[in-house]
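Input: a single structure, listed below in structure tokens.
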Amino acid sequence: MSDFFSLFFHSFIAVILLSIAVATIGSIMLLNRYSYTAASIAHGSYGGIGLALYFGVPMLLGTTLFALALALVLAAITYGNKERNDLLIGLIWAVGMSVGIIAVDASGGYGSDLMSFLFGDILMVPKSDLVYMALVDLLLIGFVALFYNHLLAIAYEEDFAKLRGINVKALHYATLLLIALTVVMSIRSVGLILVIALFSIPPFIAERFTHSLKAMIPLSGVLSFIFSLAGLLISYSFDISATASIILVSAAAFLISMIRKRE
Amino acid sequence: MKTAVKCDNLYFRYHKEYILENITLKIEDGEYIAIIGPNGGGKSTLLRLIMGLLKPTKGSIAIYGQSPQRAKRVIGYLPQKINFGLDMPITAFEAVLQGRLSGSKLFYDEEDKKTALRIMENLGVANYKDSKISELSGGERQKILLARALACDPKILILDEPTASVDIEGQKQIYEILKNLNMTKIVVSHDIKILFEGVDRVAYINRRLYMHDSPDLNIEHSEGHFCEMELFEYLKKGCDV
Ligand SMILES: Nc1ncnc2c1ncn2[C@@H]1O[C@H](COP(=O)(O)OP(=O)(O)O)[C@@H](O)[C@H]1O
Ligand SMILES: [Mg+2]
């Protein structure tokens, strides 16, 4: 019984830490339409997992470095060129995953773990990951608190932000690097495939019901927390995947919010 | 008299073809300039060059004698397109406050808030302070964006089609406000009938620039005035491009 409690306790902490990340970077991601780029970082990061396994580097370290490198490349590709780079973003996505698959194969015997990286397991988050998640959360909160007005100005209209002397380029790079860290922090809990859904849906719903980013961020966090907890509960009751349950709860809430808003 | 904007033999292209060619332009301090011309003619591009957001392919630009990069502070700007989704969570007051930002200013102080509010009051939009911008009408939103452009206390005001989605009544109000603002003004517009009452000169841009020194572009009497047939044809069509 105490085993179960400590297991669930870790998941509960993970849910809180994830919700904080969803609230902060998820909101910035949505307002700047970074979702596709973020998805590319997330999926491409599988390459980092594979290489870490192959070279025997600690998983978090290897994946972090690889994801940061991907984010830098994507930041360079997407800066000031919002429309015509879908092809390159998709290419990085595919190449990253392919590198991962080959490296995992080459390191042998880890094939059974693939699913756990793609979908995570919030009931099995190790303590070391919680520390990593907390550190990333602190970075995210600090970043958004400090640059709130600049980030909002860029999201609203980039030319005006540039004219006022805001360093749009530096903040673009910083945002994508933080998205990469957020992806890595979520690998073991919700996995690479679904992290983007979790990071998009609560901010998307919150955006529709708030007047200001100041309100959107906390509302996203609360929604994410509720969806995750409900997902966990469903997953526990019916013995199904926690990640899939969380995403389905979020998607159901998304549909309901669409209907309610249209009324 | 000081010269606010000076473009010398300016060329610009993104790719092979020039979008602007041989633009020579001098705008004096305090002048009110209207820019007209067909869509895709390069009006917004010229404004972005003047603001230092694009670099000329050839030629030079000076803003009060400085390079555009260094003169950004003195320019207030209302963009043609705002690239946000319908639900962008930003209040009118937050948008106006953005006019007070700078590279090193991360937070607003009391003075910023007072200034922003005063300008909103002057433009008659202070009561929308806490409204979500996307829920305002076109005219209200453009007045908010005008307040945002004015919030940095600019010497040059650059407005790119400020009344494109505004009803006639709102257009009149906005141009009335503009007439009474005391600074160098450069306004791109298709609403020539309303706009021309106040302006000093009119520039027509379609890859090249033709400056017309009299704002009297009354089409009935003007055939003889126009050395540029293209501009005449444009006006005759009523600028509906
Ligand atoms: N980022 C860009 N890359 C390539 N071409 C562009 C870009 N922005 C604008 N153009 C082109 O430059 C030309 C002039 O555009 P613009 O200055 O916006 O015209 P206007 O404001 O007079 O309607 C158009 O043909 C447009 O397609
Ligand atoms: Mg334009």
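Here is the naming used below: chain letters follow the sequence lines, and residue numbers restart at 1 for every chain.
- Residues B/Leu106 and A/Leu146 have side chains in contact (heavy-atom distance under 4.5 Å, counting atoms from C-beta outward).
- When side chains are defined from C-beta on, A/Tyr156 counts as touching B/Arg148, because their heavy atoms get closer than 4.5 Å.
- Interface summary for chain A: among B/Leu78, B/Leu97, B/Leu101, B/Thr91, the most heavy-atom pairs under 4.5 angstrom belong to B/Leu101.
- Between the OH atom in B/Tyr77 and the CD atom in A/Glu157 there is a gap of 5.5 Å [rounded to 0.5 Å].
- Not counting sequence neighbours, the partners of B/Asp8 by the salt bridge (Lys or Arg N to Asp or Glu O under 4.0 Å) test are B/Lys6.
- In terms of heavy-atom proximity, B/Met88 sits nearest to A/Ala155 at CE-CB, 3.6 Å.
- Note that CG of B/Leu53 is 6.5 Å distant from NZ of A/Lys162, once rounded to the nearest 0.5 Å.
- Partners of A/Ala38 under the side-chain contact (heavy atoms from CB on, under 4.5 Å) rule, at least two apart in sequence or in another chain, are A/Met29, A/Ile179, A/Ile196.
- Looking at heavy atoms from C-beta onward, A/Leu31 lies in side-chain contact with B/Pro89 at the 4.5 angstrom threshold.
- Heavy atoms of B/Arg48 lying under 4.5 Å from chain A belong exclusively to its side chain.
- Inter-residue side-chain proximity for A/Leu152 and B/Gln98 is flagged as met; some heavy-atom pair is nearer than 4.5 Å.
- If you measure heavy-atom distances from A/Asn149 to chain B, the contacts under 4.5 Å come from both the backbone and the side chain.
- Using a 4.5 Å cut-off between non-hydrogen atoms, the part of residues 214-228 of chain A that approaches chain B consists of A/Lys214, A/Met216.
- In this structure the side chain of B/Ile75 reaches within 4.5 angstrom of the side chain of A/Leu163, judged on heavy atoms.
- Neither the backbone nor the side chain of A/Leu30 comes within contact range of chain B; no heavy atom of the residue lies under 4.5 Å from a heavy atom of that chain.
- Only the side chain of B/Glu94 comes within contact range of chain A, judged by heavy atoms closer than 4.5 Å.
- No side-chain heavy atom of B/Ser131 sits less than 4.5 Å from a side-chain heavy atom of A/His211.
- Using a 4.5 Å cut-off on side-chain heavy atoms (C-beta onward), A/Asp159 and B/Pro79 make no contact.
- Contact annotation for A/Ala170: neither backbone nor side-chain heavy atoms come within less than 4.5 Å of a heavy atom of chain B.
- Most heavy-atom pairs under 4.5 Å with chain A, from the set B/Gly99, B/Pro68, B/Ala95: that is B/Gly99.
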Ignoring hydrogens and angles, write down the donor-acceptor pairs under 3.5 Å from the side chains of residues 58-67 of chain B, residues two or more places apart or on other chains.
| unit_1 | atom_1 | unit_2 | atom_2 | d |
| --- | --- | --- | --- | --- |
| B/Tyr64 | OH | B/Asp29 | OD1 | 2.4 |
| B/Tyr64 | OH | B/Thr184 | OG1 | 3.2 |
| B/Ser67 | OG | B/Arg70 | N | 3.4 |

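- Proximity to chain A is absent for every atom of B/Ile158, based on heavy atoms less than 4.5 angstrom apart.
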